[in-house]
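Written below as structure tokens is the structure these notes are about.
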There are 2 protein chains.
Amino acid sequence: MTMVTIRPYSQALDRLRAAGLRPTRQRLALARLLFDGCDRHISAEQLHNEAVANNIRVSLATVYNTLHQFTDAGLLREIVVDAGRSYFDTNVSDHHHFFYERSGKLCDIPAEMIGVTKVPDAPAGLKISRVEVIVRVDG
Amino acid sequence: MTMVTIRPYSQALDRLRAAGLRPTRQRLALARLLFDGCDRHISAEQLHNEAVANNIRVSLATVYNTLHQFTDAGLLREIVVDAGRSYFDTNVSDHHHFFYERSGKLCDIPAEMIGVTKVPDAPAGLKISRVEVIVRVDG
DNA sequence: GTGTTTGCAAAGTGTTTGCAATTTA
DNA sequence: TAAATTGCAAACACTTTGCAAACAC
């Protein structure tokens, strides 16, 4: 391997490949918005607005589809804190959240900053899929 | 205390009084459904169905209003685990929840069965209003 | 080419609102 | 009777769906 080829979208492309999702124009563009940069908590509507602002032609329906496909593929995690609004978290590693009730904003809390002890076993051989801690802040 | 007077509605009535809510027919009936019996997690629609099944004439709008008034008064706690559906918990004391993702059911976990340590301070003088632990069970 | 993905607009879900009629104190 | 509460139906916000056209491999 002697030459370095310029590969825009590469991170996004790799993620789609790894997830077995066809790298369509829309998925690539959305993946770039989501994953090129720092971790974020974003709603479907926010992402759609951002796409439009970046001259990416994509429908809201496709944004919803894509967010769910990414979530199913483990690229995103869905967070529900508020009735009637879903956020998607680009950070899928083990961590928790502050939720600012007034503004509706979310903020990560690294896993190691909260200790959860003595979680009871799931009843009847069921498996615990996640232990979620939400620290609700009144501001 | 020599005689035991039969006082239907009394628990519900007392709760409404304590909360400063006028004991209307609808509120009394809903309070009885909610508070006479064991603790429960119930949605607006479920409560409305239950009311109708018990020949209580009350509109869905009033059920929503009432649930929110009760929540504001501290008689209920709202729990959001699922996008687009709110549950109301008649147990307002400190505790946590199992959430069965497949069936959508909630189940209490007593506060003392889960230890949460080292919760980081809320930023900038904000107050933590609640630390919520949801143990998501895949069944 | 063939199966997948997209966009649109329509339908769906859960919740809230405006307002006249009713009820409570 | 004055103020609070209710019911209805319409409005709402967010999300999903059906299907024809466009696209990826």
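Values below: all heavy atoms of this structure, side chains included; hydrogens, waters and symmetry mates excluded. The structure presented is a predicted model; accordingly, all values stated were derived computationally and were not measured.
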For B:Gln11 and B:Arg32, run side chain to side chain donor-acceptor pair (under 3.5 Å): C-alpha distance rounded to whole Å, both residues' side-chain angles, the deciding distance at 0.1 Å, then the answer. CA-CA 8 Å; B:Gln11 206 205 137; B:Arg32 292 189 71 202; over 6 Å; no

If we ignore angles and hydrogens, is there a donor and acceptor under 3.5 Å between the side chains of B:His95 and B:Asp89? yes

Protein-nucleotide distance (B:Leu67, atom CG; D:dT6, atom P), rounded to Å: 12 Å

Determine which pairs satisfy ring pair (Phe, Tyr, Trp, His ring centres under 6.0 Å) with at least one residue from residues 37-59 of chain A, sequence neighbours left out, and list them in order. A:His41-A:His97

Ignoring hydrogens and angles, write down the donor-acceptor pairs under 3.5 Å from the side chains of residues 51-62 of chain A, residues two or more places apart or on other chains.
from    : atom 1 : to      : atom 2 : distance (Å)
A:Asn54 : ND2    : A:Glu50 : O      : 2.6
A:Ser59 : OG     : A:Thr62 : N      : 3.2
A:Ser59 : OG     : A:Thr62 : OG1    : 3.1

Pairing of DNA chain D as dot-bracket, 5' to 3': ( ) intra-strand, [ ] crossing, | other strand, . unpaired, with Watson-Crick or G-U pairs under 3.5 Å? |||||||||||||||||||||||||

Excluding sequence neighbours, so at least two apart, what forms salt bridge (charged side-chain N to carboxylate O under 4.0 Å, His left out) with B:Asp138? A:Lys127, B:Arg102

Rounded to whole Å, please give me the gap between CD1 in A:Ile56 and C1' in C:dT5. 17 Å

Could you check how far CZ of B:Arg27 sits from C1' of D:dG7, rounded to whole Å? 14 Å

Contact pattern, 5' to 3', of nucleotides 9-25 of chain D - B, S or - by protein heavy atom under 4.0 Å: -----SBBB------BS

For B:Leu34, is there any backbone N or O sitting under 3.5 Å from a side-chain donor or acceptor partner on B:Arg40? no

Distance check needed: C:dT22 C1' versus B:Gln26 CD, whole Å only. 10 Å

For A:Phe88, give me all partners under ring pair (Phe, Tyr, Trp, His ring centres under 6.0 Å), at least two apart in sequence or on another chain. A:His68

What's the CG-P distance between A:Asp72 and C:dT5, to the nearest Å? 13 Å

With respect to the phosphate group of D:dT6, does any side-chain polar atom (N or O) of B:Thr62 fall under 4.0 Å of OP1 or OP2? no

Residue pair B:Glu78 / B:Ser86, side-chain donor-acceptor N/O under 3.5 Å: yes

Distance only, no hydrogens: is a donor on one side chain within 3.5 Å (strictly under) of an acceptor on the other, for B:Gln26 and B:Thr66? no

Please state how far atom CG in B:Leu28 lies from atom C1' in D:dT6, giving the value in whole angstrom units. 14 Å

Separation of A:His48 atom NE2 from C:dT6 atom C1', in whole Å? 12 Å

